[in-house]
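Read through the structure below, which is laid out as structure tokens, and then see the notes.
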Protein chains: 4
Amino acid sequence: MRADALRNRDQIVAAARVLFITHGVEAPMEEIAKAAGVGVGTLYRRFPDRGALMDAVTVDVFHRLTGMIATARDEESSAWDALRRFLREWAEFRLGLLQDPLCSGMSQALRTNSELREIRTRWLELFERTVQEAQQAGDLRRDVGLMEIATFMNLLIRDEQTETTGRILAFMLDGLAVTPGT
Amino acid sequence: MRADALRNRDQIVAAARVLFITHGVEAPMEEIAKAAGVGVGTLYRRFPDRGALMDAVTVDVFHRLTGMIATARDEESSAWDALRRFLREWAEFRLGLLQDPLCSGMSQALRTNSELREIRTRWLELFERTVQEAQQAGDLRRDVGLMEIATFMNLLIRDEQTETTGRILAFMLDGLAVTPGT
Amino acid sequence: MRADALRNRDQIVAAARVLFITHGVEAPMEEIAKAAGVGVGTLYRRFPDRGALMDAVTVDVFHRLTGMIATARDEESSAWDALRRFLREWAEFRLGLLQDPLCSGMSQALRTNSELREIRTRWLELFERTVQEAQQAGDLRRDVGLMEIATFMNLLIRDEQTETTGRILAFMLDGLAVTPGT
Amino acid sequence: MRADALRNRDQIVAAARVLFITHGVEAPMEEIAKAAGVGVGTLYRRFPDRGALMDAVTVDVFHRLTGMIATARDEESSAWDALRRFLREWAEFRLGLLQDPLCSGMSQALRTNSELREIRTRWLELFERTVQEAQQAGDLRRDVGLMEIATFMNLLIRDEQTETTGRILAFMLDGLAVTPGT
DNA sequence: CATGAATGAGTTTTCATTCAT
DNA sequence: CATGAATGAAAACTCATTCAT
């Protein structure tokens, strides 16, 4: 793939990632192409239909989420601190998972698209390990699962008001923490 | 207004309320009409455009929310119990506010539509009073506002998985509660 | 026919006559009904479809035109004066003939509707006689026919600017007059 | 602009010009597209709504009228001859101005659309000059203005019967001429 | 008999996707 | 390979006409 073609591809995915969140996954393809600085034709050459584009965005988002959580685990001293930092950054960058939050509903794509399958697995593993460690350390409630956290995050990022969103996340983190009296 | 026309109107609003939540506010007008058991023409006779229908649904939702919170306040012994019950029922019935959660963005409609203005005010007053009483009783954190709660609820009801949604709400309520150690 | 029913009928025809001219013969039936102060149902009870209403308006217009020309002939001293007065009043009241100006294209209606047939004939006779007399008196050019005058009038009344319309008619009358040098 | 796209654009404007006159400015967009040999989508890509198409037709008509009057002025020996030839050709080709005949009512479009503004001005200047010259030469009555002529023409071209239309114009030209006895 | 509610066919308009340049 | 033009199916909206109240 030529350098410029690759750049185009990246710009399209980036534009789609943003527009899918801000304008919904129904955002006009022409808008996405314009935001990416290319013609629709170019978009369709790379991604035969909206589904393919959504899958590509999902892969991209998984990559970013994986990077985020990996960094947080490296740099924070506890799993609980890493988890909280990860979720705050997730919210801040509004990385949407588009489909159901663990993307288990994407059975078709998961079967076909090995890149998607692999990055999803890697992220899930890191995420799950962090959650379990935080629970074992006695910081995170034991009755919470990946599904609840991911679903909550996926809902949260749909909101536009960053200020309010941040406070809601803070309340939720307090709700998830193990408190002395519990 | 004729009895049958009123019945149709109610069915349209009810159908729209459900479809707006489950399929988004872009749900085809024809679908809404079909779900209400009427022709599109009937829908458009009552509601000249999508905005008018959205306003009507919002009024309806405010009425239901007002009824819910009023009942909860009557039947529960503390403001905190009433608030929790209200939020659980709100989630259960998935009453979406469509626009921004306190509907302050509906400036146009709020100016024009006095019915909307009144029921919104009534609901907000009841809601605010309940929050303040729960805070004064030492049950609800003092750093939480209507906006956070309403925004959270509005995001929450977009989710389809009732099971998960219920648990997320429970975690949030724990996060909002004043815990002995705080 | 009851008195009120008759009044309704007249109001409908009057409203239609005006709206057909000002908003075109495509004017919404509901608008016509509203302008007449009745419901659409009432309109359709009297006139089974748009065509029937148009025919009724045409009959009404022929009646008014016949009255106008008859009065003008009675009160003016020459056929030419009568003709000019008639055309000025026709323009002033904007009485449109809706279909082709002599309504010869209405073959269907002319066959079915004897009232229409009769009043049309009566008007045409008066009109033609006036034209011929004015020609014989040496006031009106001999190369002009009913068709040209009626077509011109029918076009003229479509214009909304009474001021300009009046001047156009004046120029045309000068063009129709026999001038000394011709 | 690509050659084929330009050809399509021209065909659309040409089709619209004809259909707007023969079937009124309410002519179905789909009909216009079909007459132009393109799909509706193509039409809407060029002209976002009916108004934009009407403006384009108006620009086109002004261009043609300007060409007509310029040629007439070049080839005829007197202003009066040029004016008469111009008006005859205008009627023959049935070039309608759609809105009010001098398009002064198009204030919005005149402000936005500089192409429209310029060609309208150019045409008006040529037209006015011709009228004034014919008046100064003693051929055209001095009490007639652009507005009356343009309004008359705009009404005239709505008629379908070319035969009658031609005779009406001839009478009008006689009415506008300075006759020896006047 | 009057009313205005309901219907659905016809139009306008948008947009995903294909294809000529 | 990139572009943006063309297409047509789908959704929004209007209105003539019918019919229940």
Side-chain angles (χ1 to χ4, degrees), chain A residues 1-2 4-5 8 26-34 36-53, chain B residues 1-9 12 26-34 36-53, chain C residues 1-2 4-5 8-9 12 26-34 36-53, chain D residues 1-9 12 26-34 36-53:
Chain A
M1 202 175 208
R2 268 167 31 185
D4 59 339
N8 275 344
E26 320 268 76
M29 297 300 256
E30 200 126 8
E31 291 293 309
I32 297 172
K34 197 196 302 175
V38 302
V40 247
T42 308
L43 193 163
Y44 272 92
R45 159 173 297 275
R46 294 293 163 238
F47 308 100
D49 57 22
R50 180 179 294 273
L53 180 56
Chain B
M1 203 167 187
R2 252 161 54 179
D4 56 340
L6 196 60
R7 187 164 49 253
N8 276 339
R9 202 205 110 103
I12 292 170
E26 319 270 76
M29 298 297 256
E30 199 127 6
E31 290 297 309
I32 297 172
K34 199 193 302 174
V38 302
V40 246
T42 305
L43 195 164
Y44 275 95
R45 156 176 285 270
R46 250 5 118 197
F47 308 101
D49 54 25
R50 183 177 293 275
L53 181 55
Chain C
M1 203 173 206
R2 268 167 31 186
D4 57 342
N8 275 344
R9 207 203 105 102
I12 292 170
E26 320 267 77
M29 297 298 256
E30 200 126 7
E31 291 294 308
I32 297 172
K34 197 196 301 177
V38 303
V40 244
T42 307
L43 194 163
Y44 273 93
R45 159 173 298 273
R46 293 292 161 240
F47 308 100
D49 57 23
R50 181 178 293 272
L53 180 55
Chain D
M1 202 166 187
R2 254 161 54 179
D4 57 341
L6 196 61
R7 186 164 50 253
N8 276 338
R9 203 205 108 102
I12 292 170
E26 319 269 77
M29 298 297 256
E30 199 127 8
E31 290 297 310
I32 297 172
K34 199 193 300 175
V38 301
V40 243
T42 305
L43 194 164
Y44 275 95
R45 156 175 284 269
R46 250 8 115 195
F47 308 101
D49 55 25
R50 183 176 293 276
L53 181 56

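Atom set for the values below is all heavy atoms of this structure, side chains included, hydrogens, waters and symmetry mates excluded. Each chain gets a letter, A, B and so on, in the order its sequence line appears, and its residues count up from 1. The model shown is predicted, which means the values in this text are computed figures rather than measured ones.
- Residue Asn8(D) places no side-chain N or O under 4.0 Å from the OP1 or OP2 atom of dA5(F).
- The base-pairing partner of dC1(F), taking Watson-Crick or G-U wobble contacts with both distances under 3.5 Å, does not exist among the strands shown.
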side-chain contact (heavy atoms from CB on, under 4.5 Å) between Phe47(B) and Met29(B), worked out:
CA-CA 11 Å; Phe47(B) 308 101; Met29(B) 298 297 256; 5.9 Å; no
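- Nearest approach of Ile12(C) to Leu43(C), heavy atoms of both residues: CD1-CA, 3.8 Å.
- Distance CZ (Arg9(D)) to C1' (dG4(F)): 17 Å, rounded to an integer number of Å.
- Listed nucleotides: dA16(E), dT17(F), dA2(E). Nearest to the side chain of Arg50(A): dA16(E).
- Distance CE (Met29(A)) to C1' (dT7(F)): 17 Å, rounded to an integer number of Å.
- Looking at which nucleotide of DNA chain F each of Ala3(B) and Gly41(B) is closest to, the 5′-most match is held by Gly41(B).
- Among dG8(F), dT7(E), dA9(E), the nucleotide with an atom closest to any side-chain atom of Thr42(B) is dT7(E).
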Assess the residue pair Asp4(D) and Arg7(D) against the criterion (side-chain contact (heavy atoms from CB on, under 4.5 Å)); give the C-alpha distance rounded to whole Å, side-chain angles, the decisive distance to 0.1 Å, and a yes or no.
CA-CA 5 Å; Asp4(D) 57 341; Arg7(D) 186 164 50 253; 3.6 Å; yes
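- Computed from coordinates, the Phe47(A) CZ to dA16(E) C1' distance equals 16 Å when rounded to whole Å.
- For Ala5(B), the side-chain atoms get nearest to dA6(E) when compared with the rest of dT12(E), dT17(F), dA6(E).
- Distance CD (Glu30(B)) to C1' (dT14(E)): 16 Å, rounded to an integer number of Å.
- If you check every strand for non-hydrogen atoms under 4.0 Å, Arg46(B) touches sugar and phosphate atoms only.
- Using a 4.0 Å heavy-atom criterion, one finds that Glu31(C) contacts no nucleic acid atom at all.
- Distance NZ (Lys34(B)) to P (dA11(F)): 10 Å, rounded to an integer number of Å.
- DNA chain E is contacted by both Asp49(A) and Leu43(B); Leu43(B) maps to the nucleotide lying nearer its 5′ end (nearest heavy atom per residue).
- Comparing dA5(E), dA12(F), dA16(E) by their nearest atom to the side chain of Pro28(A) picks out dA16(E).
- When every heavy atom of Arg46(B) is checked against every heavy atom of Ala5(B), the shortest pair comes out as NH2-CB, 3.4 Å.
- Asp4(D) has its CG atom 20 Å from the P atom of dT18(E), to the nearest Å.
- The distance between atom CD of Glu26(D) and atom P of dT13(E), rounded to the nearest whole Å, is 11 Å.
- For dA20(E), the OP1/OP2 oxygens have no side-chain nitrogen or oxygen of Arg2(D) closer than 4.0 Å.
- Shown here for Ile32(B) and Ala27(B), the closest heavy-atom pair between the two residues is CD1-O, 3.9 Å.
- Across all strands shown, dA16(E) forms a Watson-Crick or G-U wobble pair with dT7(F), both key distances being under 3.5 Å.
- At a threshold of 4.0 angstrom between heavy atoms, the contacts of Val38(D) are confined to the sugar-phosphate backbone, with no base atom among them.
- Comparing dA6(F), dT14(F), dA2(E) by their closest approach to the side chain of Tyr44(B) singles out dT14(F).
- Between Leu6(D) atom CG and dA20(E) atom P the separation is 20 Å, expressed in whole Å.
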